Amino acid sequence: MTNDNKKQKYLITSALPYVNGELHLGHLVGCWLPSDIYARFCRACGRDVLYVCGADEHGTPVIVGAMKENMTYFDYATKYYEKHLRAVKDFNMSFDFYGRTHTELQEKLIHELFLRLDEEGLIEERETLQPFSIDDNMFLADRQLLGTCPKCGYENARGDQCDKCSASYEATELLNPRSAISGSTNIELRPTKNLFFLASKIEGKWKHWLEKHTSKWSKTAIAIAQGWVKEGLQDTSITRDLPWGIPVNKPGYENKVFYVWFDAPWGYVSISQAANKDWATWWKNPDAHYAQFMAKDNVKFHAVFFPEQQLAMNDNWKTVDQLKSMNFLNFEGGKFSKSENRGVFLDQAIEIAPADAWRYALIASAPETDDTNFTFSRFADIVNKDLNGMLGNFVSRVCKLTEKNFGLRIPNPGPIDDALITQINEKLSELTTALDACEFRAAIVALRSLYALGNEFMTIKEPWALVKRGETDAAGAVLNQCFQLIDLYARVSAPFIPDTAEKIRKIFSADLNLSWPETYTPRIDEGTSFCVPENLFTRIDDETVAALTDKYAPKIDSAPKPIVAKIVAVKKHPTQENLHILTVDDGTNHELQVVCGAPNVRIGLIGVLAPIGCILPGAKKPIMQRTVASIESYGMMCSAAELGQGKNTDEILELSNDFNIGKEYKG
RNA sequence: GGGUUAGUAGCUCAGUUGGUUAGAGCGGAGCGCUCAUAACGCUUUGGUCGUGGGUUCAAGUCCUACCUAACCCA
């Protein structure tokens, strides 16, 4: 398989992260790591790879951010671009070039492309009314406009949508509109002209293209594209009234820039131009293989917008063959959030553990099919077990046992163990197939199986026992085989953990490359000298895990909240006159036993249950499971007073039938 | 509000076109080994496959409704 692909051109792009804030682990696992592993794998297979990424710099967040920090737009973007560069280096990303979109090359390219679209008759001028902030002297995009929601009266509603009641409306309907930038209420509607890209005109072409190009796409990517097939492609405005971006090269548009999503995907091309003078041998080559990596929120742009523009150019642009989209990585049960200080950002991550530990552990729990929760506990398990125990320790035990009994030279080989070789080749083939298909979790499963084979082999053959029994040749043969495995591990691990692979490679005095092995063949000669390396990985102990969790994942209030629940049965207490034993349905548990003293209990009553662990307003201790007059009670039905509403302490609260059982009761 | 995707062991995930006893790894329990980084190997324990209906000789897999989450759109 890999043989046929030799020297074939592989174009690989990783979605361009935005220059706004520090990157976190989600960015790393969502685009950078999968694309980097794939790129390294392709290069090791001898393929001709062009692999680029860079910073996406245009759009409104930079404008807002720069104003806040009182910097120029370019300086602000540069500040974060430099952070990106540091992370690229820290995590060993093997981009041919990490570029940016605010460059002369980009501007030149976008101008050419725009003229091309215009020539093709796919650009149209349309006039619309837009909110204009007189004090800021600029038109406001939907996100830059705040006001009072016309539906619910929420005061911080956005220009197009209310975050509280999720109503949507036209910006013109918003009450008391104000600028999100300056806070000024001096807003008026002004007519403005914008250029539209007539995507509807190339819908047929795009659909035709789609039919033939999705064989290697992620399932979610195909689904999203299919959604647009049904809906149809819509003409989109590609210009904005903003002071930051690629200026529009058309008379009358001197104060406008291109919409960020018109220029950003083409950043792949301009960055390629900066990376390699032969860029066109990938980008204009129908035989090249193009793989894109991105997070799920970005699929629309890669499956629809970018290809439709490429097709519209009618200029032989290489479109995506393999579209790999990743889901999101959550952190310790919640989303990454800079403001809540939740999550690990890349500058912190590199202080916590070496790049290889992150690379391996993150890709081993990559969110390939669904959002995945990352925890330090899991991180430590993976590093300790796979890297430390199975790989690092294997290298260590083989080197040390050999040094002790044979000195620092590879012992002579013995007869070939066919069973072992068969197993190795099986796993190697699984690994290669998984990497070619960009199935990274499957790849890790195969990789660790390979690590396991070495340890199993040692246990079965017991070379230390052979030495004791004086069977030195047999012991040497086993160890020779183990060294061949170590060499193999360096090669197959290299795309994942490049630093470690290099350390392993340097164990041997022979200067061997880390090319991808198509099938297993021993290549370390007997007598080759080797060295005993420092431990390849360090164990992460429980105390460290606890400390890290504490530092980076401040406990969100995880106590259960009061929930709406229904009384499904009422029994009198056998001894206590005023108590009842209730059976309560809380949505998940349909037969929860609760002892209650309120007089108004009855079957069918919908009320509020404080489950075990719940801390009621004003209470110091959570509700415990306890035994009331010798009957166990699992929670408490609440009165209005207990919920902090009103003074009724005697009767439990009664709700209408509109409340959904099992939902949190929010008062 | 509409669309899409997902819901499988304590945790993280596999389960191809519906077809015997639902699979891994981690964690837990036990045994073995002592070359090695309290590392390695073996055995074992965990599941009403979100819930309720339906189609079928047969449903984790198909249909439907609902619940939950995420993303996209409005």
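Labels below follow one simple rule: chain letters A, B, ... track the order of the sequence lines, proteins then strands, and each chain is numbered from 1. Computation of the quantities below employed the complete heavy-atom set of this structure, encompassing side-chain atoms and omitting hydrogens, waters and symmetry-equivalent molecules. Quick caveat, the model's predicted, so the values are computed rather than measured.
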Just name whichever nucleotide pairs with [N], Watson-Crick or G-U, keeping both distances under 3.5 Å, else none.
N: U20(B); value: none
N: A70(B); value: U4(B)
N: U56(B); value: none
N: A65(B); value: U51(B)
N: G32(B); value: C40(B)

Ignoring the backbone of [X], work out which of [options] is nearest its side chain.
X: D381(A); options: U4(B), G27(B), C71(B); answer: G27(B)
X: K400(A); options: G41(B), A70(B), A36(B); answer: A36(B)
X: T369(A); options: A14(B), U37(B), C71(B); answer: A14(B)
X: K230(A); options: C71(B), U4(B), C26(B); answer: U4(B)
X: K335(A); options: A70(B), C26(B), G41(B); answer: A70(B)
X: K300(A); options: C73(B), G41(B), C13(B); answer: C73(B)
X: E456(A); options: U12(B), C42(B), C26(B); answer: C42(B)
X: L401(A); options: U12(B), C40(B), C35(B); answer: C35(B)
X: W228(A); options: C73(B), U12(B), A36(B); answer: C73(B)
X: L536(A); options: U12(B), U37(B), G41(B); answer: U37(B)

If the threshold is 4.0 Å, N to carboxylate O, is there a salt bridge linking [X] and [Y]?
X: D487(A); Y: R505(A); result: no
X: R359(A); Y: D499(A); result: no
X: E403(A); Y: K400(A); result: no

Whether [X] contacts [N] is assessed here as follows: a side-chain N or O lying under 4.0 Å from the phosphate OP1 or OP2. Is that the case?
X: T372(A); N: C13(B); value: yes
X: R441(A); N: U12(B); value: no
X: K385(A); N: G27(B); value: no

Nearest-Å distance for atom pair [atom1]/[atom2], residues [X] and [N]:
X: D386(A); N: C13(B); atom1: CG; atom2: C1'; answer: 14 Å
X: K296(A); N: U5(B); atom1: NZ; atom2: P; answer: 13 Å
X: N327(A); N: A69(B); atom1: CG; atom2: P; answer: 17 Å
X: I540(A); N: G27(B); atom1: CD1; atom2: C1'; answer: 17 Å
X: Q226(A); N: C72(B); atom1: CD; atom2: C1'; answer: 15 Å
X: L450(A); N: G25(B); atom1: CG; atom2: P; answer: 15 Å
X: N373(A); N: C11(B); atom1: CG; atom2: C1'; answer: 10 Å
X: L391(A); N: C40(B); atom1: CG; atom2: C1'; answer: 13 Å

Review point. Between H213(A) and W209(A), what is the ring plane arrangement, given parallel below 30°, perpendicular above 60°, and tilted in between?
Key: parallel
Review point. Should the pair F376(A) and F331(A) be assigned to parallel (<30°), tilted (30 to 60°) or perpendicular (>60°) ring geometry?
Key: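 If you compare the ring of F376(A) with that of F331(A), the planes turn out perpendicular.
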Say you pick atom [atom1] in [N] and the same atom in [M]; how far apart are they, in whole Å?
N: C63(B); M: U16(B); atom1: P; value: 14 Å
N: U43(B); M: G54(B); atom1: C1'; value: 43 Å
N: U64(B); M: U21(B); atom1: P; value: 28 Å
N: U8(B); M: U48(B); atom1: C1'; value: 12 Å
N: G10(B); M: U45(B); atom1: P; value: 15 Å
N: G15(B); M: C62(B); atom1: P; value: 13 Å
N: A9(B); M: G25(B); atom1: C1'; value: 12 Å
N: G7(B); M: G50(B); atom1: C1'; value: 6 Å

Contact class for [X] vs. all strands (heavy atom < 4.0 Å): base, sugar-phosphate, or nothing?
X: N388(A); value: base
X: G227(A); value: nothing
X: T538(A); value: nothing
X: F537(A); value: base

Practice item. Identify, residue by residue, the members of residues 458-471 of chain A with a heavy atom below 4.0 Å from RNA chain B, and return them in order of residue number, or none. Key: M458(A), T459(A), W464(A), K468(A)
Ring centres of [X] and [Y] under 6.0 Å apart?
X: W261(A); Y: F305(A); result: no
X: F293(A); Y: Y38(A); result: yes
X: F508(A); Y: F530(A); result: no

Point to revise | D371(A) vs L387(A), nearer the 5' end of RNA chain B by closest nucleotide | key: L387(A)
Review point. With nearest nucleotides of RNA chain B determined for R378(A) and N330(A) from heavy-atom distances, which residue corresponds to the more 5′ nucleotide?
Key: R378(A)
Point to revise | Polar pair under 3.5 Å, donor/acceptor by atom type, side chain N393(A), base A36(B) | key: yes
Practice item. Please determine, by modelled atom types, if Y451(A) and D386(A) share a side-chain donor-acceptor pair under 3.5 angstrom. Key: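 No pair is found: no donor N or O on one side chain lies under 3.5 Å from an acceptor on the other.
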Practice item. State whether a side-chain donor-acceptor pair under 3.5 Å links D541(A) with T544(A). Key: yes
Check your understanding: Any idea if G46(B) is syn or anti, going by the 90°-from-0 cut?
Key -> syn
Point to revise | Separation of Q322(A) CD from S215(A) OG (nearest 0.5 Å) | key: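 With rounding to 0.5 Å, OG (S215(A)) is 9.0 Å from CD (Q322(A)).
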